[in-house]
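Have a look at the structure below, then the notes.
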Amino acid sequence: MIELRNVLKVYESAAGAFTALKSVNLQIARGEFVAIIGKSGSGKSTLINMITGIDRPSSGEVLVGDTALHTLSEGQMAVWRGRNLGIIFQFFQLLPALSIVENVMLPMDFCGMYTPRERRERAMMLLDQVGMADNAHKLPSAVSGGQQQRVAIARALANDPPVLIADEPTGNLDSKTADSVFRMFEQLANQGKTILMVTHDQDLARRVTRTVIIADGEVIDEYVARALPTLSEKQLIWASHNIETLSYPPGATIVHEGMPPENFYIITKGAVEIMLQQPGGSEIRVTTMGVGQYFGEIELLHGGRNLATIRAGTKTGVEVVALDRSEFTRLVTESPKTAQAIDQIAGERTAENLAARQVGEEVDHAAPPLA
Ligand SMILES: Nc1ncnc2c1ncn2[C@@H]1O[C@H](COP(=O)(O)OP(=O)(O)OP(=O)(O)O)[C@@H](O)[C@H]1O
């Protein structure tokens, strides 16, 4: 639905050139609800402006739906944006001299969507949807900030765009109002809208389906960031550059027991089964692991050969991101805290494996069903 290919953005100013986005690659599928997070100045708004076409990349391409934005003139861009994107800002940006219902009608007027009569009916329907129909004839200044943001959401929905882009939509609201506005976005996501939301609010960011983390003009892999939270921003950027995405069909063997370890893996989709060989040649399934969990670390940390066979889930298959042995070693050497955290989990896992070997078949029956 949305794709950025090698997007570079350099701002030229009297003080010199500043690179705000460094070769960003990003794909967002239809229906995803994405939070864009990152420190102040990391490049979040710049990224959003590339997708809305409010600003253009210095190089690289931005595609939204079937449209390659770099091929549009300014005039075409304005019409395209009006029909395809609903944009919501931190400070609402309603026109102060127009009534609330007129504000919601404006995008339909601008793009010539619907007949004039339908526009008013539709605006009222949308205001009703956001709980603001009773205030339709007031000026924006006569209602609260949270109510103005609801109107801004209704306005963003005016032309029924497939994509909603919101730059800190709750940034100017108290937490209770922010929550009710956020719930409105959740409902819209459930109805199939693709939503991108810049937010500083960690609690809200946890409730979306995907988080895009920007640091220093680069996109950090969210699975690496979650699995290894003790890495510094610089190390996360480095790891994000070096990971490889791998997919395995259901049942495929990823790691062979007894072979030298090759990679550190983090599961990004699906599940894996951890299998142990029994003396008689049979296998027991120790456990299954799902999205966000990692494997391969014990052998890489402590040396030796693979302690278990690991297979892609028989129902789901699996997608992982992998760092090879030397990359993983570099990270844990540079970040003793990360080594410690991984080691602790590795210790728990080893104990679990040992117990499983002793209990044998029983564990197999006790293993949870595959995701
Ligand atoms: N027009 C511009 N000219 C020069 N530098 C700019 C311009 N716009 C943004 N920048 C710089 O680019 C970097 C990224 O800015 P951006 O506004 O995208 O960050 P942000 O992550 O949205 O920050 P915030 O959370 O504070 O809004 C910042 O260092 C900023 O100073």
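Order of listing sets the numbers, starting from 1, for every ligand and every atom in it. This structure is a prediction, so every number in the text was calculated from the model and none was measured. For reference, positions follow the sequence shown, starting with 1. Just so it is clear, the values below take in all heavy atoms, side chains as well, and ignore hydrogens, waters and symmetry mates.
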### Task
Determine whether more than 12 heavy atoms belonging to other residues, nucleotides or ligands lie under 6.0 Å from atom CD of Glu118.
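Count over threshold, so yes.
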#### Entry: Crowding at CD, Glu348 (>12 non-hydrogen neighbours, <6.0 Å)
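Yes, because the 6.0 Å sphere around CD of Glu348 holds more than 12 heavy atoms from other groups.
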### Query
Which heavy-atom pair separates Leu21 from Gly43 by the least distance, and what is that distance?
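Minimum heavy-atom separation between Leu21 and Gly43: CD2-O, 3.7 Å.
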Residue and atom name of the nearest protein heavy atom (relative to [atom]), distance in Å to one decimal:
{"atom": "atom 14 (C) of ligand 1", "value": "Gly41 O, 3.4 Å"}
{"atom": "atom 4 (C) of ligand 1", "value": "Tyr11 CB, 3.3 Å"}
{"atom": "atom 17 (O) of ligand 1", "value": "Ser45 CB, 3.7 Å"}
{"atom": "atom 12 (O) of ligand 1", "value": "Phe18 CE2, 3.3 Å"}
{"atom": "atom 18 (O) of ligand 1", "value": "Thr46 OG1, 2.5 Å"}
{"atom": "atom 26 (O) of ligand 1", "value": "Ser40 OG, 2.6 Å"}

Find all atoms of ligand 1 within a distance of less than 4.0 Å from any non-hydrogen atom belonging to [X], and give their numbers and elements.
{"X": "Ala20", "answer": "12 (O)"}
{"X": "Lys39", "answer": "21 (O)"}
{"X": "Lys44", "answer": "18 (O), 19 (O), 20 (P), 21 (O), 22 (O), 23 (O), 24 (P), 25 (O)"}

### Message
Under 4.0 Å from atom 30 (C) of ligand 1, can you find at least one protein heavy atom?
### Response
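Within 4.0 Å of atom 30 (C) of ligand 1, no protein heavy atoms are found.
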### Query
Counting only heavy atoms on the protein side, is anything nearer than 4.0 Å to atom 24 (P) of ligand 1?
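So far as the 4.0 Å threshold goes, atom 24 (P) of ligand 1 is in reach of a protein heavy atom.
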Would [X] count as a contact of ligand 1 if the rule is a heavy atom under 4.0 Å away?
{"X": "His200", "answer": "yes"}
{"X": "Gly43", "answer": "yes"}
{"X": "Ser42", "answer": "yes"}

### Hydrophobic cluster membership, Leu106 vs Leu94, 4.5 Å side-chain cutoff
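No, Leu106 and Leu94 fall in different hydrophobic clusters.
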### Query
Hey, are the side chains of Ser99 and Lys138 touching, using non-hydrogen atoms and a 4.5 Å cut-off?
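With C-beta onward as the side chain, the pair stays apart.
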### Task
Output, in order, the C-alpha distance, side-chain angles, deciding distance and verdict of salt bridge (Lys or Arg N to Asp or Glu O under 4.0 Å) for Glu32 and Lys193.
CA-CA 8 Å; Glu32 279 194 284; Lys193 300 280 184 202; over 6 Å; no
### Query
Can the ring centres of Phe18 and Tyr11 be said to be less than 6.0 Å apart?
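For Phe18 and Tyr11, the ring centres are not under 6.0 Å apart.
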### Query
Does a salt bridge link Lys234 with Glu334, judged by any charged N lying under 4.0 Å from a carboxylate O?
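Result for this pair is no, no salt bridge flagged.
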### Task
Would you mind checking if Arg122 and Asp128 are paired as a salt bridge, meaning a charged N to carboxylate O distance below 4.0 Å?
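Not counted as a salt bridge, because no side-chain N and carboxylate O are separated by less than 4.0 Å.
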